[in-house]
Amino acid sequence: MDRTAWIAVILCVIGLFAWQIWSSRQAVPRPAVVTTPSPAGPGVSATPTPSPAVTVAPQPTGAAAAPSATPPPFEERTETLRNSDVELHFTNRGGGIAEAILPNYLAEHGESVTLNSPSRLPIGAIIDDPTAPLLPEYTIAHEENTVTLEYVMAEQVTIRKKFSFAKTNEKKENFVATLDVDFVNSGAQPYANPGYFFAVGSAAPIHANDYPSYTRLVWLPTGGGTKGIDVGWFAEGGGLLGIGQHPARPYYTQSVNSAEWVAASSQFFTSLVVPLTGKADAVWGKRFDINPARKTYGLEGAMHLPGFKVEVGQTYTSSFQLYLGPKLYHRLARLDHNEAEVMEFGVFKIICQALLNILNTLHSFLGNYAAAILALTTIVKLSLWPLQNKATSSMRRMSALSPKIQELREKYKDDPTRMNQEVMKLYKEYGINPVGGCLPMLIQIPIFFGLFTMLRQAVELRGASFLWIKDLSQPDTVGHLPILGWPINVLPLIMAATSFWMTHLTPKSGDPTQQRMMMFMPIIFIVFCYNFAAALALYYTAQNLFSILQLYQNRKQPMPTLEKLPKRARK
């Protein structure tokens with residue numbers, strides 16, 4: 001290698017170390033501003049206020065909480081609704097779902113995955129101001145498939161909430177619950193509500209090595225793509241050279257254009273609320289501590305709904321649909337309000353959908369997700385096999401042309417412009433495309449990023465094992481380096497080794513830039529993939545092995561002969 005190539009290799013290695021340092025810092029974000037706990041208990045304001053009525057409009061970000069009355073102490077009571085997929089625990093503290101337990105999904109230490117936290121706002125709580133929430137005592141009753149909670153406000157308006165599972169025998173609806181909220185005006189005056197906040201629940205990391213970007217508040221504006229923030233938004237920001245620097249932010253509040261739904265979402269699970277009788281016009285979020293010793297954070301959210309008026313003796317009803325479960329695309333896609341957009345596939349949506357559907361279809365036949373990934377790799381590679389053969393042939397012709405190109409470089413070394421013109425003229429004379437060898441790689445890039453985007457949220461891979469890999473959805477860490485503590489992930493290292501092997505076998509073209517790019521690709525990919533799902537590294541390693549097999553087969557072919565094209569053909 002020349003000096004430039006060695007400099008580039010050194011820079012890539014430095015980039016690898018910088019990436020590891022940055023990743024470790026991202027996994028432990030700076031703490032947010034900590035406020036003194038309220039003596040009234042979790043989620044209850046200790047500041048006096050005149051009335052518990054739901055009458056406060058959205059506050060700007062970081063606004064001070066409005067004064068609010070503290071409910072008298074009461075004993076918390078709970079009721080439970082369950083089916084084969086989810087167990088909902090309801091609380092009379094604020095009248096909502098304290099937690100949703102998923103018995104068929106295990107967390108990192110073997111306990112069932114739990115959505116929301118009993119110490120946070122209950123899902124379905126109706127509150128004035130989420131920055132200083134009032135969670136009064138509701139009466140609670142359980143009848144067959146329904147839990148009913150009631151609370152009478154000072155204006156003699158009864159809030160009656162009826163939670164139930166969707167009335168269907170289809171398993172795809174097991175994670176869906178419905179909620180009807182009645183505002184019954186039994187007072188002597190019409191009741192006008194200018195708007196209220198509705199709690200959508202909280203999200204927390206499932207695994208110790210989850211990135212902060214996985215814990216998100218997500219919403220879907222009408223007619224647009226998903227929007228969202230993660231827990232990193234709340235951290236103090238140093239900015240770039242002091243530009244954009246800001247202190248830690250305690251709350252997030254944002255007006256939205258009639259959101260279809262709002263969700264608190266982790267890497268693989270979500271609590272998603274769809275308002276059926278109106279659209280949300282604002283969202284609110286707050287970061288909270290989960291494990292102060294490890295400095296991990298969760299995120300809770302709420303949506304703001306427009307106001308209404310209830311005449312004396314009348315009832316206003318607002319309905320909601322709740323999805324509380326894993327991000328199973330094939331089940332979310334069957335719902336009626338674009339709930340599958342919570343996957344946030346982005347620009348690779350079509351590719352992600354196709355790959356996920358193929359992967360699940362292969363799994364239905366093979367019964368193992370590692371085998372399904374290998375089968376998917378085989379399908380992709382066989383589809384690109386003819387194109388790769390053509391690209392390799394082009395690269396071999398480039399390699400044969402290298403002596404002539406080198407002569408031109410020596411001849412015109414003092415005139416780079418003339419040199420490039422003569423080299424391009426030489427390519428045209430022999431009918432060679434200088435970037436023909438890169439075409440298969442360019443086609444594979446959207447497939448790779450589609451797989452990366454899909455696999456990082458594919459809950460189907462959780463717990464799927466392969467050889468030493470315990471969980472295909474996580475890095476295949478087998479240990480940590482002493483002193484530094486960096487994880488040792490075997491499969492990305494194997495992936496890098498096969499990439500270097502493949503680069504060594506690839507015919508060397510006459511273009512030094514293309515040669516350097518091919519040489520640096522293994523380093524770039526190991527930096528990019530080192531701490532992501534083992535499933536992605538498994539796919540790319542298998543693809544490299546197929547490419548190596550194809551290169552060995554192509555090397556057995558006779559070396560192509562160079563012939564100048566007729567002048568008409570050159571055009």
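Everything numeric in this text was worked out from a predicted model, so none of it was measured.
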Let's go through T377 and Y540 carefully: what are the C-alpha distance in whole Å and the side-chain angles of both, what is the deciding distance for side-chain contact (heavy atoms from CB on, under 4.5 Å) to 0.1 Å, and is it a yes or a no? CA-CA 8 Å; T377 309; Y540 215 81; over 6 Å; no
Can S465 and K470 be said to form a side-chain contact (heavy atoms from CB on, under 4.5 Å), step by step? CA-CA 5 Å; S465 60; K470 298 179 181 179; 5.5 Å; no
When the ring planes of W233 and Y252 are compared, do they come out parallel, tilted or perpendicular, using 30° and 60° as the limits? perpendicular
How many angstroms lie between atom CG of L359 and atom CG of L455, to the nearest 0.5 angstrom? 7.0 Å
For the side chain of N92 and the backbone of E75, is there at least one donor-acceptor N/O pair under 3.5 Å apart? yes
Partners passing ring-ring contact (aromatic ring centres under 6.0 Å, His included) against F268 (at least two apart in sequence or in another chain): none
On a heavy-atom basis, the closest approach of L374 and A542 is CD2-CB, 3.7 Å
For residues L276 and Q321, determine if any side-chain heavy atom of one lies less than 4.5 Å from a side-chain heavy atom of the other. yes
Gap between atom CG of L121 and atom CZ of F197 - 0.5 Å precision: 11.0 Å
In Å, rounded to the nearest 0.5 Å, how long is the span from CG of L272 to CG of L115? 11.5 Å
Around atom CD1 of I350, are there more than 12 heavy atoms from other residues, nucleotides or ligands closer than 6.0 Å? no
Test side-chain hydrogen bond (donor to acceptor under 3.5 Å, both in side chains) on E460 and H363; report intermediate values, then the result. CA-CA 10 Å; E460 293 92 338; H363 175 262; over 6 Å; no
Does V262 reach the side chain of L217, with side-chain heavy atoms less than 4.5 Å apart? yes
Short question: side chain of N116, backbone of I101 - any donor-acceptor pair under 3.5 Å? no
Can you see whether F288 has R120 sitting over its ring - NZ or CZ less than 6.0 Å from the centre and within 45° of the normal? yes
Using only atom types and a distance under 3.5 Å, with no angle test, would you say the side chain of T158 pairs donor to acceptor with the backbone of R160? no
List the atom of W219, the atom of P221, and the distance in Å for their closest heavy-atom pair. O-CD, 3.5 Å
Pairing residues for P205 by the side chain to side chain contact (heavy atoms under 4.5 Å, CB included) criterion, not counting sequence neighbours: D210, T215, I290
May I ask you to test the L81-F165 pair for a side-chain heavy-atom distance under 4.5 Å? yes
Pairwise side-chain contact, N185 with Y316, heavy-atom cut-off 4.5 Å (strictly under): no
Would you confirm whether Q543, through its side chain, and T541, through its main-chain N or O, come within 3.5 Å as a donor-acceptor pair? no
Rounded to the nearest 0.5 Å, what's the gap from CZ on F320 to CE on M303? Could you check? 7.0 Å
Could you tell me whether the side chain of H480 reaches within less than 4.5 Å of the side chain of W486, counting heavy atoms only? no
Is the closest side-chain heavy-atom distance between L134 and I127 below 4.5 Å? no
Is a side-chain donor-acceptor pair under 3.5 Å present for D281 with S255? no
Let me see the working for D182 and T317 under side-chain hydrogen bond (donor to acceptor under 3.5 Å, both in side chains), right down to the final yes or no. CA-CA 4 Å; D182 294 333; T317 300; 2.7 Å; yes
I need the R456 CZ to F345 CZ distance, nearest 0.5 Å. 9.5 Å
Could you tell me how the ring of Y191 sits relative to the ring of F183: parallel (under 30°), tilted (30 to 60°) or perpendicular (over 60°)? parallel
Run the side-chain contact (heavy atoms from CB on, under 4.5 Å) test on L322 and I97 for me, step by step, so that the C-alpha distance in whole Å, both residues' side-chain angles and the decisive distance to 0.1 Å come before the verdict. CA-CA 11 Å; L322 292 69; I97 300 173; 3.9 Å; yes
Just by distance, do the side chain of K327 and the backbone of S266 share a donor-acceptor pair under 3.5 Å? yes
Using a 4.5 Å cut-off on heavy atoms from C-beta on, say whether the side chain of R93 contacts that of P122. yes
Write down the atom of A259, the atom of P275, and the distance for their closest heavy-atom approach. O-CG, 4.4 Å
Examine R287 relative to Y297 and say whether NZ or CZ is less than 6.0 Å from the centre of the six-membered ring and inside a 45° cone about the ring axis. yes
What is the minimum heavy-atom distance between A535 and L461, and which atoms define it? CB-CD1, 3.8 Å
Looking at Y329 and A340, what are the two nearest heavy atoms and their distance? CE1-CB, 3.6 Å
Test side-chain hydrogen bond (donor to acceptor under 3.5 Å, both in side chains) applied to E76 and T91, step by step: CA-CA 7 Å; E76 184 171 6; T91 176; 2.5 Å; yes
Quick one: salt bridge (Lys or Arg N to Asp or Glu O under 4.0 Å) pairs with a partner in residues 213-231, sequence neighbours left out? R216-D230, R216-E344
Flag side-chain contact, heavy atom, 4.5 Å: F198 against L179: yes
Under 3.5 Å donor-acceptor, N489 side chain and P492 backbone: no
Ion pair check, E341 and K349, cut-off under 4.0 Å: yes
Walk me through whether L149 and V147 qualify under side-chain contact (heavy atoms from CB on, under 4.5 Å). CA-CA 7 Å; L149 301 115; V147 169; 4.1 Å; yes
Main-chain N/O of V200 paired to S271 side chain as donor or acceptor, under 3.5 Å: yes
Might you point out which heavy atoms bring S318 and T277 nearest each other, and give the distance in Å? OG-OG1, 3.1 Å
Between the side chains of K279 and E260, is the shortest nitrogen-to-carboxylate-oxygen separation below 4.0 Å, so that they form an ion pair? yes
Quick one: does any side-chain atom of W261 pair with a main-chain N or O of H337 as donor and acceptor, under 3.5 Å? yes
Rounded to the nearest 0.5 angstrom, the OG-CD distance for S164 and E143 is 12.0 Å
For N360 and Y369, test the side chains for any donor-to-acceptor distance below 3.5 angstrom and give the result as yes or no. yes
For the pair T148 (side chain) and K162 (backbone), establish whether a donor and an acceptor sit closer than 3.5 Å, ignoring hydrogens and angles. no
Under 3.5 Å donor-acceptor, N83 side chain and D85 backbone: yes
